[in-house]
Every structure is written in structure tokens, then in C-alpha cells.
Amino acid sequence: MRQRSFDSLSARDWRQAGGTLTIMNIEFLARRQAVTEWRDRQLFQAMTMLNTAGIDARAALDREIKNAALVQSVWDPSGFVNARVDELMRAQVAGRIEPFLRQAAQELRALEHRFEPLAEALLASATMIDMPAAPEPEPAAPSDSPSPAQQSESRLSRVGKIVNGLAVTRSAREWGSWAADGVASVADTVSRSLQDSTGLYERLRRVGALRIATAWMGDVGSPRPLKAQLVLLIEDVTNEARSVNL
Amino acid sequence: MNMIGLAGKILMQVPPEHRRSLLMGALKLTGSVLRDTKTGRIVGYLQEAAPIAQPLAKRLPNTFGKFTSISLATGNPIIGGTVAVSDLAIQAGQVAQNELIRAGVGRLEQGMARVGDKLETIGEQIGELDQGMDLLQNLGVANLAMGAAGIGVSMIGFGIMSVKLARVQASIHAMADHLDTISTKIDRLRQDAVDADFVEIHSLCHLYEEGWNFGDRGRSEQQWLRVAHEARTFQDRFAWRARELLTVAPTNAVLAEPMLDALSLASGLRVASLVACNEGTLASNVSSEAAVQLEALTGSIGLVELAATQIPSGVEAGSTDYELALVEAREASRPLLQKIRHREAVTATSTAPLPLLEKRGIKPREWLEEARNEKHASVLMLPTEDGELEHRTASACTDNS
């Protein structure tokens, strides 16, 4: 929350009241309280909207990380996750920002006809909201990592050793067929099991949760999280509305 | 006019029909002003009376124990502080809010149905001569009455002010650890300085009461003017303390609560002193200034600030736990927010009846004396012409039936 300046507000009250002590009008008090209530409603609505989007995004991410290659999840979890989370969150949130601000503007107008310019400004601010967009991770350089074929072969050799160690005898043709059809999927299963059992999936989930908590629902940061942008917008309008009410 | 309507010649007991209307929502209370919900027309002005001392002394629990147990249970002294401060003023009248909190997040609809049932039961019981806490609860003003701001002009004597001051001071003690952390940098927040101020305000309250015992009203007025003058320092000092706490962090709203209550008590003492002196205009000005001062401090505090202190740390964003924590924090903060809003409204309306009294040729001191001399009802009403007409019409219908 931003720091509040009491002195300027009370001085402004004083000037507006003509520098004399006049009885505070009940309606005046009620209007100022109504503005604060409006602000509360909008901020809770924004937090709920973002949280709901976060819940859905995390569920979708959970499905996606099972397709994560082992290399990416170990060496570049943030790169793998952040871009995906941002894409999922944008898909959830992008279509909700404008309706949210439109509703907020409508409720503001209903409080007081003098708030019309503020309501218009609030609605116009929808285009100025920036959504987080982490860059896609750069693809790994060819010389630094094995090709998919090489990865399969290396998996094959590892699996082959395991199989040989189990003293399972197979004909060369069966072995080859197995390699073509089943080993790759076995290797993927091994990869997923390995990631899961070593907590790598959990690590990716945590990275995803952190991304949502910071870039989307954080209170501070640079670039400014989406929640912080919405809070700032609503607070600015609230302060202006309270000033209009003097 | 029937017996229920009579209290004195200026003030009357709140008529049953108004009590029913208030509970059912046809009338609403803004501070101490009773208004028609649809038209906004003022029906009457409520004023606390001497018998309010009895429910005030009996009703409220020891805030120390509750604060400590809540803090230990949650590991969060801010939450404990919130509960303690909330208890100070609002426990007695919290039918709706307590039902909502107890019902839990997923059972709000069931809770609201129970609230509706309770209100209907209370409505059916109205018609008897209610006294003490029953009257306050039936009016839905128990939380107002138990609070530092009270209803109308403060009844300083009869132990009323002493009880309120003691409870506010206890709240400050309960938060001593947090205040001391801040006060290492800000001297005036130190506990000893705060306690010294409370001793002086207590003394001023005693001086105010002594003023009523002088045989010579001229000397009484000198005493009351002195009290009004000296209480100003404490009003401003507690306003300063509250401002410092809120400037450090808006989430210090809970810590600032007792300072705001103390501000309200000090300004209430000044207003009562000036009303006793028949200085109606000056009393109104002091009341207005205090209202502006208070609203500048708390007017922008909302559920968002209060709920922020209630959300447990470690709750992950983007989860159902977060959603639940947000709803629970919001609902748990409503009682404190209501208290803050009531205090603003009561401070702004405490001297609202004075122009009507002047129009009727009634001195402010007469009005205050009648409330002080009341033996039965905790809260009385000064009806407007419309309010009196409605009551007479309702009484005539009752008599004829």
C-alpha cells in the first residue's frame, strides 16, 4: 500500500471548508465512506480474479510439465516455466481486465455524478495495463547437448544395460523392434519417473507458483506485477474521488 | 403520550415502533442520528444516558487474556490485537457479524438465514420497556454504546468515562511489545508517556464531574471551560500518535485503534464540557473539528488494510487456500471496520441536535442534564417534529386497538 499523506488531506479539508469549522454533513461523510467501500470491493475483486486465474494456470502447468524434457527441467526450470505460466495467465486474465474495469467504472458513476470523468479515465486505463511476458528460453546449442536421436541412443544404451543386467535374452530383431517402438516410450517414462522421484516436477511447480506470486500477484517489483498495477489504478481513482467529495 | 414514550420533557425513550423500524431497516442510524432509510428524513437523535454505566461495567471481557491466547494460537500478535480491540467495543452487539464468522466461508447462506431468524425473534420481543444491554441490543447500538465514542454527547460521569479510559489503556498495554518496537524511534509513543496522559485525562474527567456539584453555576462553567481547554492537548497528542503509527504502515490500523479511541474520548470530554457551559456553537465546532481530524486519519482505512493483517504468511497465491484465507480475513475484519466507521459517524453527529434544541428554546445544558438524571433507559431520543408525529400516530393506533 502506498504511504498516505494526512497533513495534505487535512489541510485540504480546511481550505475546502473555507478555513472555518463547519458541521460535517452526514451525506458528505456517507459519500466518502462509500468511495472507500467501492475501493475495497474492486481490490478484493481483482485479487480474486487473479487468484482464480492462478489456480487454473497452475493446474494447466501441472499437465504441461509432465512433457518437460529432463534437460530443461534440471538446468533451466525458470526459463521453462515462466514463459508457460505467463502464457497461461494471459489466456485467463486478458479477457477479464476490461470487463472488470468497466464494472468498476459503472459502480463509481452510480455513487456520484461528479465521478463521471474518473470513471472514464478508469475505463481508458485498460489499455495501459502491462501483462508479464517472460521470454521463451533459448533453444540449447547443438554442440552442447545431444540430439534427440543421440538422446534416444544413450537412453537405449542405459536401458540396454539394465535389461542385460536382468539376464533377459532377446533376439536381435526383437531387440531392434523393441528399441523402435517401446524403448523410446520406456525412456520417456524413465525420464518422468526420474524427474518425479527426484522432486524435479515439484521444483517446476514451485517455480510456477513463485512466478504467479511475484510477477502476477506480487505487491512490488520491476516490472510492476499485474496486481500492483490494478491496485495502483484503483487507489489513484479512490484518492481523486475522495478529493472531489470535499 | 404513553409511559414508554416519556422520559423527561426533552428526551424520550426510544419508541417501540422506531426500534422495530431500526431492526427491520426502515430506519437507519448514522452516528447518533436516526433517519428514514428511503427518504433520509431525520426522525430523531439518540443520546446515551446515565444508566448506560451498568451494561458498560458488566458486559465486556478482560481483553488481556483474549489477546494473549489468540496471539499464542495464531503466532500473530497483530491478529490477537485485532481481536482484542474488536472485543473492546463491538462484542455486545455483533449479531450479524458473529453469525457470519461462525458460519464459516462455505456456509454463509445458512448463517444469513440464522441472522434473519434472530432479528425476527428480537423484533417480536420489542414493545416491553427494555433496559440496559437488552435495549442497546434491540436498538442495534450496543456496539456504538460500548465504544469509546458512545452515542451523542459523552456521559462522562457515573464511572462511564473511567471504564472506557481503562479499557482503552488496557488495549494499549496489550500491544506494548509492538508499540515499543516503533517507539524506540518515536518518543511520544512510549508506554510511560501514554500512561501519563491517561492519568491526566482521568483527572480532567473528575474535574468535569465536580463541576456539576458546584452550587454556583458560574464556577461550574469556569471548571468546564478549563477541562475543555486542557483536554485539547491530549486530543491532539493521541491524534499525533495515531498518525505516526498509520504513517509507518497502514496495516498498523490495529495498533492505532486505541490511540484513535483515546482521541475520541478526549474530544468527547471537550464537547461535553462545552455543552455543559451552554456553549452550543463552540461545542459544535469542536465536534466538527474532531470529526475532520478523525476522518482524515481513518476515512481511507478499509477492509483491504485490515484484512492484510489477517492473512497468514505462507499462504500461496494462486491456490484455493489463498481464496479461503482472503474471504476469512475479509469477514474477520468487518467488525473492526464497522467500529471505525461508527466512531467517525458518532463524532460527526454528537452535537447534531443542538440546532433543534436552540429552535425549541432549550439550553444545551438542560438536554445534557436530563440524560444525566435518567434512571431507567440507557439510550434516549430527542425526536424531530416528524419523529414525534409518527410516535403519536403509532401510540393512538395502539390505544385504539
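Computed from a predicted structure; not experimentally measured. Naming: A, B, ... by sequence-line order, numbering from 1 per chain.
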Locate the shortest heavy-atom distance separating Leu326(B) from Met47(A); write the atom from each residue and the value.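 For Leu326(B) and Met47(A), the tightest heavy-atom pair comes out as CD2-CB, 3.9 Å.
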Quick one: OH on Tyr322(B) to CD1 on Ile212(A), what's the gap to the nearest 0.5 Å? 12.0 Å
Rounded to the nearest 0.5 Å, how far apart are OG of Ser300(B) and CD of Gln33(A)? 12.0 Å
Salt-bridge test for Arg242(A) and Glu295(B): reply yes if a basic N is under 4.0 Å from a carboxylate O, no otherwise.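 The answer is yes: the pair qualifies as a salt bridge.
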Ionic contact status for Arg39(A) with Glu305(B), cut-off 4.0 Å: yes
Counting N and O atoms only, with roles assigned by atom type, does the side chain of Asn51(A) sit under 3.5 Å from a partner on the main chain of Ala317(B), one being a donor and the other an acceptor? no
Hey, is the main chain of Gly318(B) close enough, under 3.5 Å, to the side chain of Arg58(A) for a donor-acceptor pair?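 Checking the backbone N and O of Gly318(B) against the side chain of Arg58(A), a donor-acceptor pair under 3.5 Å is found.
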So, applying side-chain contact (heavy atoms from CB on, under 4.5 Å) with Val304(B), which one of Leu43(A), Ile234(A), Thr36(A) is it?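 For Val304(B), the side-chain contact (heavy atoms from CB on, under 4.5 Å) test succeeds with only one of Leu43(A), Ile234(A), Thr36(A), which is Leu43(A).
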Taking every heavy-atom pair that is under 4.5 Å apart, which of Glu344(B), Gln293(B), Arg330(B) has the most such pairs with chain A? Arg330(B)
Close side-chain approach of Ile55(A) and Thr320(B), heavy atoms under 4.5 Å: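 They are in contact (side-chain heavy atoms under 4.5 Å apart), so the answer is yes.
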Neighbour count >12 (heavy atoms, 6.0 Å) for atom [atom1], [X]:
X	atom1	answer
Glu358(B)	CD	no
Glu87(A)	CD	no
Glu98(A)	CD	no
Arg90(A)	CZ	yes

Side chain, backbone, both or neither: which part of Ala308(B) has a non-hydrogen atom closer than 4.5 Å to chain A? neither
Measuring heavy-atom distances to chain A, does Thr347(B) have an atom under 4.5 Å in its side chain, in its backbone, in both, or in neither? neither
Would you mind listing every salt bridge (charged side-chain N to carboxylate O under 4.0 Å, His left out) that reaches into residues 41-53 of chain A, with sequence neighbours excluded?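 Sorted result for residues 41-53 of chain A: Arg41(A)-Glu107(A).
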